[in-house]
Asks: 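The structure is given below, and queries will be raised subsequently.
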Amino acid sequence: MSEITAHPFSTATGTDVRVRFCPSPTGTPHVGLIRTAMFNWAYARHTGGTMIFRIEDTDAARDSEESFGQIIEGLRWLGLDWDEGVEVGGPHGPYRQSERYDIYRDVIAQLTASGHIYESFATGEEIEARNVSLGRDPKMGYDNFERDLSAEQKAAYRAEGRSPALRLRVPDTELSFDDLVRGEITFPAGSFSDFVVVRPNGHPLYPFVNPVDDALMGVTHVLRGEDLLSSTPRQIALYHALIDIGLTSFVPRFGHLPFVLGDKNKKMSKREPESNLFHHRDRGFIPEGLLNYLALLGWSISHDRDVFSIDELVAAFDVKDVNPNPARFDQKKAESINGDHIRLLEAADFAARIVPYLVAADVLTEPVSDSDRAILAQAAPLIQERIALLGEAPAMLGFLFVAGDELVHEADALKSLPQTTAEILAASGTALRAIPEADWATDRVHTVLNETLLEGLGLKPRVAFGPLRVAVSGRKVSPPLFESMEILGRTETLGRLERLAQVVGATAE
């Protein structure tokens with residue numbers, strides 16, 4: 001079938017919109033892949049349409065159940081749910097390609113009977129030799145010369161022991177479509193030749209099974225990566241054949257999302273740590289922050305606003321607003337936006353979210369004791385305004401969950417101590433001992449130390465309080481000093497001042 005009748009593209013809007021996310025389970029989830037999932041999800045939720053999640057697992061050499069599980073885990077962690085698909089079910093299952101071969105065989109039979117696909121016996125070497133004999137570039141590719149093989153020719157090839165591949169008879173006309181992101185795109189007639197849809201071993205290929213699944217599942221909008229743009233005219237050509245045999249009645253709308261760039265403005269490689277979704281989770285990104293940042297890789301809610309909620313994303317998102325230009329993954333900006341979302345969390349929610357990181361760092365043990373939970377409830381708000389990643393919590397809060405004699409003074413913290421450290425510790429200890437246990441609170445501690453060190457000794461705050469911070473936390477950077485002293489209590493605080501004084505004294509000797 002070399003000529004085609006113009007077939008309609010989908011006009012679905014609102015609840016009739018059907019999008020799909022269909023990754024191959026190879027390796028850990030890539031942030032570019034997750035952004036594609038998120039844009040599909042956001043468009044489905046924005047329109048009130050349907051999100052389909054299926055798995056393209058027909059490459060046995062590369063696909064793995066581990067990767068499949070990781071994709072599920074990543075989507076669940078981010079809250080990107082789906083309406084039909086794996087683990088959910090639906091009317092168009094099964095939703096794993098490896099379980100759909102009977103369906104593909106039936107479609108192949110229909111397309112063969114209708115003349116849309118035909119047997120091709122030529123080898124790559126023979127195709128190159130033919131091009132040379134006709135004075136063409138040997139790498140020019142297949143020129144459709146087997147479209148009309150006779151029964152005798154086919155029998156002769158089979159007698160040689162050859163098994164045929166199956167090729168789609170591509171329309172001899174230009175193929176155009178209105179890309180939702182990039183506008184009108186036209187592929188002139190002859191841009192590509194009849195292509196293989198089924199290998200000689202009977203295995204159907206991606207350019208075949210992907211459109212067939214989309215057609216059978218009623219997908220109206222295909223939102224996918226820019227790297228797949230070159231395959232779109234082949235898919236449209238196949239769609240015309242599927243419409244002719246009655247498998248569907250329309251071609252979906254296509255939207256090709258921009259590349260996500262990594263280091264040196266090159267397409268982000270899987271070798272780059274930033275490409276790995278779980279790398280960001282392990283460092284302490286929260287779903288709200290990471291989704292917000294990924295949405296900015298090609299889209300914005302307004303020209304002067306970068307931070308928004310998931311609900312605001314859904315309310316505003318339209319794929320037509322996606323910028324076609326490549327977007328660079330900026331780690332610092334991603335962390336900054338994540339920090340903004342951390343600060344938007346309720347205090348109790350924030351405290352609960354840092355527990356796994358504290359446990360992983362051996363700061364806490366599970367089940368968390370009531371006493372440790374009480375400390376955490378007091379301490380978590382002190383760092384919520386100061387960190388960009390949940391993974392920073394163990395270093396910031398660890399000193400509150402160890403005994404003073406087990407506290408480690410970090411080397412850079414000890415090097416930062418001024419020459420007056422012994423005097424500062426002695427004066428502070430004397431002043432703090434005068435505070436009764438019942439009056440030990442942030443404001444009282446702050447007032448007493450201000451009077452003693454700033455007014456009494458005439459020190460600047462940075463010099464005065466630096467040694468106290470090192471004594472209390474073992475670090476140069478810590479949560480607010482006076483609030484930390486209140487949480488530790490009078491006895492523990494005084495003990496830590498005395499211990500650092502001993503360390504300083506020993507060093508001086």
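What's counted below: heavy atoms across the whole structure, side chains too, no hydrogens, waters or symmetry copies.
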Asks: Is the backbone N or O of Leu417 less than 3.5 Å from a side-chain atom of Thr421, with the two atoms forming a donor-acceptor pair by type?
Replies: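 No, because the side chain of Thr421 does not come within donor-acceptor range (under 3.5 Å) of the backbone of Leu417.
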Asks: Within the side chain of Arg386, is there an N or O that forms a donor-acceptor pair under 3.5 Å with the backbone of Leu382?
Replies: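 Such a contact is found between Arg386 side chain and Leu382 backbone.
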Asks: Quick one: does Ser428's side chain get under 4.5 Å of Leu468's, heavy atoms only?
Replies: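 Yes, their side chains come closer than 4.5 Å.
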Asks: Quick one: sort the Phe308 and Trp299 rings into parallel, tilted or perpendicular, breaks at 30° and 60°.
Replies: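 The rings of Phe308 and Trp299 stand perpendicular, inter-plane angle above 60°.
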Asks: Hey, what do you get for CG (Asn338) to CG (Leu390), rounding to the nearest 0.5 Å?
Replies: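 Atom-to-atom, Asn338:CG and Leu390:CG are 7.0 Å apart.
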Asks: Any chance you could measure Leu397, atom CG, to Leu376, atom CG, to the nearest 0.5 Å?
Replies: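 Reported value, rounded in 0.5 Å steps: 7.0 Å.
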Asks: Are Val219 and Val19 close enough that some pair of their side-chain heavy atoms sits under 4.5 Å apart?
Replies: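 Counting from C-beta outward, Val219 and Val19 never come under 4.5 Å.
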Asks: Any side-chain heavy atom of Asn210 sitting closer than 4.5 Å to one from Cys22?
Replies: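 A side-chain contact exists here, since the closest heavy-atom pair is under 4.5 Å.
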Asks: Sequence neighbours excluded and cut-off under 3.5 Å, please list the side-chain donor-acceptor pairs for residues 478-489, or say none.
Replies:
from   : atom 1 : to     : atom 2 : distance (Å)
Ser478 : OG     : Arg469 : NH1    : 2.8
Ser484 : OG     : Pro480 : O      : 2.8
Glu486 : OE1    : Thr442 : N      : 2.9
Glu486 : OE1    : Thr442 : OG1    : 2.4

Asks: Compile the donor-acceptor pairs under 3.5 Å between side chains in residues 268-276 and protein atoms, sequence neighbours left out, one pair per line.
Replies:
from   : atom 1 : to     : atom 2 : distance (Å)
Ser269 : OG     : Arg271 : N      : 3.0
Lys270 : NZ     : Thr26  : O      : 3.2
Glu272 : OE1    : Asp263 : N      : 3.1
Glu272 : OE2    : Ser269 : N      : 2.9
Ser275 : OG     : Ser269 : O      : 3.2
Ser275 : OG     : Lys270 : O      : 3.3
Ser275 : OG     : Glu272 : O      : 2.7
Asn276 : OD1    : Phe278 : N      : 2.8

Asks: Grab the two heavy atoms, one from Ser176 and one from Phe9, that are nearest each other, plus how far apart they are.
Replies: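 Nearest pair, atom of Ser176 first, then Phe9: O-CZ, 3.6 Å.
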Asks: Go through the steps to decide whether Asp372 and Leu358 satisfy the test side chain to side chain contact (heavy atoms under 4.5 Å, CB included), and finish with yes or no.
Replies: CA-CA 11 Å; Asp372 282 348; Leu358 296 170; over 6 Å; no
Asks: So, His256 versus Arg224: side-chain donor-acceptor pair below 3.5 Å or not?
Replies: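 Distance-only check passes for His256 and Arg224.
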Asks: Salt bridge (Lys or Arg N to Asp or Glu O under 4.0 Å), that's the test. Do Arg475 and Asp412 meet it? Break it down for me.
Replies: CA-CA 8 Å; Arg475 308 177 77 238; Asp412 66 332; over 6 Å; no
Asks: Could you walk me through whether Asp63 and Ser24 pass side chain to side chain contact (heavy atoms under 4.5 Å, CB included), step by step?
Replies: CA-CA 7 Å; Asp63 298 337; Ser24 297; 4.3 Å; yes
Asks: Decide yes or no on salt bridge (Lys or Arg N to Asp or Glu O under 4.0 Å) for Asp370 and Arg373, but give the supporting numbers first.
Replies: CA-CA 5 Å; Asp370 290 343; Arg373 286 197 180 278; 5.6 Å; no
Asks: Among all residues two or more places apart in sequence or in another chain, which pass the side chain to side chain contact (heavy atoms under 4.5 Å, CB included) test with Pro233?
Replies: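 Partners of Pro233 under the side chain to side chain contact (heavy atoms under 4.5 Å, CB included) test: Leu175, Phe187, Phe192.
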Asks: Measure from NZ or CZ of Arg234 to the centre of the six-membered ring of Tyr239 and say whether it is under 6.0 Å with the direction within 45° of the ring axis.
Replies: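 No cation-pi geometry.
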Asks: Please check if atom CZ in Arg62 has more than 12 non-hydrogen atoms from other residues, nucleotides or ligands closer than 6.0 Å.
Replies: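 Atom CZ in Arg62 is not packed in, count stays at 12 or less.
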Asks: Strictly distance-based, threshold 3.5 Å: is any side-chain N or O of Arg283 a donor or acceptor partner for the main-chain N or O of His279?
Replies: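 Side chain of Arg283 to backbone of His279: no pair is present.
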Asks: Taking the basic N atoms (NZ, or NE/NH1/NH2) and the acidic carboxylate oxygens, is any pair closer than 4.0 Å for Lys267 and Glu226?
Replies: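 No, this pair does not count.
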Asks: If you count heavy atoms of other groups shown closer than 6.0 angstrom to CD of Glu184, is the number above 12?
Replies: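 Buried by this count: over 12 neighbours within 6.0 Å.
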Asks: Taking the side chain as C-beta and beyond, is there a heavy-atom pair between Leu78 and Ile34 under 4.5 Å?
Replies: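 Heavy-atom side-chain distance check passes, below 4.5 Å.
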Asks: Between Ser67 and Ser64, is there a donor-acceptor pair closer than 3.5 Å when you use the side chain of the first and the backbone of the second?
Replies: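 Looks like no, no N/O pair under 3.5 Å.
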Asks: For Val17, is there any backbone N or O sitting under 3.5 Å from a side-chain donor or acceptor partner on His221?
Replies: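 Here the side-chain-to-backbone pair does not exist.
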Asks: For salt bridge (Lys or Arg N to Asp or Glu O under 4.0 Å), just list the numbers for Glu84 and Arg18, CA-CA rounded to whole Å, side-chain angles, deciding distance to a tenth of an Å, and then say yes or no.
Replies: CA-CA 10 Å; Glu84 294 179 23; Arg18 292 176 64 81; 3.1 Å; yes
Asks: So, do Ile342 and Arg353 sit near enough that their side-chain heavy atoms are less than 4.5 Å apart?
Replies: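 In short, these two side chains do not touch, never coming nearer than 4.5 Å.
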Asks: Roughly how far, to the nearest 0.5 Å, is CG of Leu407 from CZ of Arg499?
Replies: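 These two atoms lie 6.0 Å from each other.
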Asks: Let me confirm one number: the CZ-CD distance from Phe401 to Glu406, rounded to the nearest 0.5 Å.
Replies: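 These two atoms lie 14.0 Å from each other.
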Asks: Do Asp304 and Ser302 have a side chain donor and acceptor closer than 3.5 Å?
Replies: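 Per modelled atom types, Asp304 and Ser302 side chains form a pair under 3.5 Å.
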Asks: With distance as the sole test, does Trp440 use its side chain to make a donor-acceptor pair with the main-chain N or O of Arg444 at under 3.5 Å?
Replies: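 The answer is no, because no donor-acceptor pair under 3.5 Å joins these two groups.
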Asks: Is Thr452 reaching over with its side chain to a backbone N or O of Val448, donor-acceptor style, under 3.5 angstrom?
Replies: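 Present.
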Asks: Please test Gln97 against Ile55 for side chain to side chain contact (heavy atoms under 4.5 Å, CB included), starting from the C-alpha separation and ending with a verdict.
Replies: CA-CA 6 Å; Gln97 283 184 344; Ile55 290 291; over 6 Å; no
Asks: Is there a side-chain hydrogen bond (donor to acceptor under 3.5 Å, both in side chains) between Glu498 and Gln502? Walk through the geometry before answering.
Replies: CA-CA 6 Å; Glu498 291 173 0; Gln502 293 171 1; 5.6 Å; no
Asks: Side-chain contact, heavy-atom cut-off 4.5 Å: Arg54 with Asp213?
Replies: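 Of all side-chain heavy-atom pairs linking Asp213 with Arg54, at least one is under 4.5 Å.
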Asks: Nearest 0.5 Å, what's the CZ-CD1 distance between Arg182 and Ile185?
Replies: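 Arg182 atom CZ to Ile185 atom CD1 measures 7.0 Å (nearest 0.5 Å).
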Asks: Answer whether the closest heavy-atom distance between the side chains of Phe259 and Asn265 falls below 4.5 Å.
Replies: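 A side-chain contact under 4.5 Å is absent here.
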Asks: How close do Ile310 and Trp41 get, heavy atom to heavy atom, and via which atoms?
Replies: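 That closest heavy-atom pairing would be CG2-CH2, 3.6 Å.
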Asks: Begin with the C-alpha distance, continue with both residues' side-chain angles, and end with the deciding distance and a verdict on side-chain hydrogen bond (donor to acceptor under 3.5 Å, both in side chains) for Asp83 and Thr50.
Replies: CA-CA 6 Å; Asp83 307 297; Thr50 299; 4.8 Å; no
Asks: Measuring from Leu277:CG to Asp282:CG, what's the distance to the nearest 0.5 Å?
Replies: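 Reported to 0.5 Å precision, the distance equals 9.0 Å.
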Asks: Check whether Arg343 reaches the backbone of Leu345 with its side chain - one donor and one acceptor, N or O, closer than 3.5 Å.
Replies: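 Checked: no pair found.
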Asks: Please confirm whether the backbone N or O of Asp330 pairs with a side-chain atom of Tyr293, one donor and one acceptor, at under 3.5 Å?
Replies: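 Here the side-chain-to-backbone pair exists.
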Asks: Would you please test Phe465 and Leu454 for side chain to side chain contact (heavy atoms under 4.5 Å, CB included) and show each step?
Replies: CA-CA 9 Å; Phe465 300 133; Leu454 306 189; 4.2 Å; yes
Asks: Got a sec: does the CZ of Arg462 have more than 12 other heavy atoms crowding it under 6.0 Å?
Replies: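 12 or below, so no.
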Asks: Could you tell me if the ring centre of Phe317 sits under 6.0 Å from that of Phe39?
Replies: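 Between Phe39 and Phe317, which both carry aromatic rings, the centre distance is below 6.0 Å.
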Asks: Within a strict 4.5 Å, meaning less than it, do heavy atoms of the Arg328 and Lys333 side chains meet?
Replies: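 Not touching, per the 4.5 Å side-chain cut-off.
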Asks: Taking it one step at a time, do Arg45 and Glu312 satisfy salt bridge (Lys or Arg N to Asp or Glu O under 4.0 Å)?
Replies: CA-CA 11 Å; Arg45 297 295 171 257; Glu312 289 174 317; over 6 Å; no
